[in-house]
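Note: hydrogens, waters and symmetry copies are ignored here, and every other heavy atom, side chains too, is used.
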Amino acid sequence: AMTSSDAVWKVWGNEFTLTPRRVDTRSFAVPPAFQNIFSLSVEDWDGCPNKRDELLDALADTPNVVAITGDIHAFFAGVPAVSTDIDRGIVEFVGAGIASTPYERLLLRTAASDPTLLAAGATALALLVQDLLQEPGANPTLGFANIKQNGFATVTVSADSFDVTYFQTDRQNVSEDIPEADVAGVFTEERFQVLEGERVLYREIDGNYVRWNPDTSTWG
């Protein structure tokens, strides 16, 4: 259905995030068994990378494919691609939950609940995960990550562009009865864009849209 559609935009909606989420702990003062490159979870596409490659390879030749995925309690934006060919991929947007526990807090809870992880210093590492995810080379197809906040996303689609806005807010605001006039003020916004005919992720920075470059893990 995706490859034969004559629609301008083809949206792949899936419960599981496509973009890899790896952290490298080899330079940290943790027990040797914990010094490695780890996937943060393997109950999703990170647990079956061969099948992810097959899917992305099948979609890579179809124009204007955009993925909207979850369910990872975090905001991500990236350009997931076949592991052996970074040019064969699509653009992906991952929305966080407006009320569900943010991903960082889930990682902290997991680390604290296991005596072995706790003794190895996993709780301290959990607080560094957002930075570790975005270290150059760790996840070259991951352009943006926010695992600390709640929120929601909106999409505006035209013939020329696919525009996504992330509305992000701190956890304590979720249970607050905030006056309607003040609601907008508790959110920060991140804006992204995909242009028709491209498989490139753009992010608005200082009023201008700049592209994510997986080769250098930089915007611009």
Side-chain angles (χ1 to χ4, degrees), residues 8-14 16-24 37 39-41 44-46 49 52-53 55-57 59-70 72-96 103-104 128-149 151-158 160-168 188-220:
V8 174
W9 297 99
K10 276 72 69 174
V11 180
W12 178 269
N14 187 228
F16 299 116
T17 304
L18 285 161
T19 304
R21 285 152 287 114
R22 294 181 290 260
V23 295
D24 188 346
I37 299 174
S39 291
L40 291 180
S41 63
D44 48 29
W45 290 108
D46 275 347
R52 173 172 53 200
D53 279 356
L55 173 62
L56 293 172
D57 191 55
L59 295 174
D61 293 324
T62 301
N64 303 324
V65 173
V66 177
I68 295 180
T69 68
I72 199 66
H73 299 227
F75 291 102
F76 295 114
V79 284
V82 176
S83 58
T84 56
D85 189 348
I86 205 167
D87 293 323
R88 291 192 61 76
I90 61 176
V91 178
E92 177 185 39
F93 297 103
V94 184
Y103 194 36
E104 182 182 75
L128 297 174
V129 163
Q130 181 161 303
D131 293 331
L132 292 173
L133 284 170
Q134 298 176 97
E135 280 194 342
N139 300 283
T141 61
L142 177 62
F144 176 83
N146 179 357
I147 70 171
K148 300 174 181 290
Q149 292 184 296
F152 63 96
T154 62
V155 177
T156 303
V157 183
S158 71
D160 300 318
S161 66
F162 194 99
D163 295 85
V164 178
T165 303
Y166 290 168
F167 293 86
Q168 307 159 130
T188 60
E189 299 178 19
E190 287 283 354
R191 294 183 175 87
F192 302 91
Q193 186 177 74
V194 187
L195 298 178
E196 193 280 327
E198 296 186 3
R199 293 197 302 271
V200 176
L201 174 65
Y202 293 91
R203 177 185 179 188
E204 186 181 59
I205 299 177
D206 296 330
N208 298 305
Y209 279 99
V210 296
R211 65 178 292 170
W212 175 251
N213 187 336
D215 294 322
T216 60
S217 294
T218 58
W219 291 100

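- Pairing each heavy atom of Arg199 with each of Ala60, the nearest pair is NH1-O, 3.0 Å.
- Side chain of Asp44 to backbone of Phe16: no donor-acceptor contact under 3.5 angstrom is found.
- In the model, Ser158 has no side-chain atom that pairs as donor or acceptor with a side-chain atom of Asp160 under 3.5 Å.
- Within the structure, every pair that satisfies the salt bridge (charged side-chain N to carboxylate O under 4.0 Å, His left out) test and touches residues 202-220, not counting sequence neighbours, is listed here: Glu190-Arg203, Arg191-Glu204.
- For the atom pair Phe167 CZ and Thr154 OG1, the distance stands at 4.5 Å (nearest 0.5 Å).
- For the atom pair CG of Leu201 and CG of Asn213, the computed distance is 11.5 Å after rounding to the nearest 0.5 Å.
- The one candidate from Leu142, Leu40, Ile37, Leu132 that meets the side-chain contact (heavy atoms from CB on, under 4.5 Å) condition with Arg22 is Ile37.
- Nearest heavy-atom pair, Pro214 versus Ile86, reported as atom, atom and distance to 0.1 Å: CB-CD1, 3.4 Å.
- Residues in residues 132-143 take part in no side chain to side chain donor-acceptor pair (under 3.5 Å) pair, two or more places apart or across chains.
- Note that the CD atom of Gln149 and the OH atom of Tyr166 stand 13.5 Å from one another [nearest 0.5 Å].
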Stepwise side chain to side chain contact (heavy atoms under 4.5 Å, CB included) test for Leu133 and Phe76: CA-CA 10 Å; Leu133 284 170; Phe76 295 114; 3.9 Å; yes
Can you give each donor-acceptor pair under 3.5 Å made by side-chain atoms of residues 78-85, sequence neighbours left out, with the distance rounded to 0.1 Å?
{"unit_1": "Ser83", "atom_1": "OG", "unit_2": "Asp53", "atom_2": "OD2", "d": "2.6"}
{"unit_1": "Asp85", "atom_1": "OD1", "unit_2": "Asp87", "atom_2": "N", "d": "3.1"}

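- A donor and an acceptor atom, one from each side chain of Glu92 and Thr17, are nowhere located under 3.5 Å apart.
- To the nearest 0.5 Å, the span separating CD1 on Ile68 from CG on Leu18 amounts to 12.0 Å.
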Could you walk me through whether Thr19 and Val94 pass the side chain to side chain contact (heavy atoms under 4.5 Å, CB included) test, one step at a time? CA-CA 9 Å; Thr19 304; Val94 184; 5.7 Å; no
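- Residues Val157 and Val11 are not in side-chain contact: their nearest non-hydrogen atoms beyond the backbone lie 4.5 Å or more apart.
- Here the side chains of Asp61 and Arg88 are in contact, with some heavy-atom distance below 4.5 Å.
- When side chains are defined from C-beta on, Val129 does not count as touching Glu104, because their heavy atoms never get closer than 4.5 Å.
- In this structure, the separation between OG1 on Thr165 and CZ on Phe152 is 9.5 Å, given to the nearest 0.5 Å.
- A parallel orientation is assigned to the rings of Phe93 and Phe162, their planes being inclined by less than 30° (bins at 30° and 60°).
- Closest heavy-atom contact between Ser41 and Asp46: O-CB, 3.3 Å.
- Closest approach of Gly143 to Trp219, counting heavy atoms only: O-NE1, 3.2 Å.
- With contacts defined as side-chain heavy-atom distances shorter than 4.5 Å, the pair Pro63/Lys10 qualifies.
- A donor-acceptor distance shorter than 3.5 angstrom exists from the side chain of Trp212 to the backbone of Pro140, with no hydrogens or angles considered.
- Within the model, atoms CH2 of Trp12 and CD1 of Ile90 stand 8.5 Å from one another, a figure rounded to the nearest 0.5 Å.
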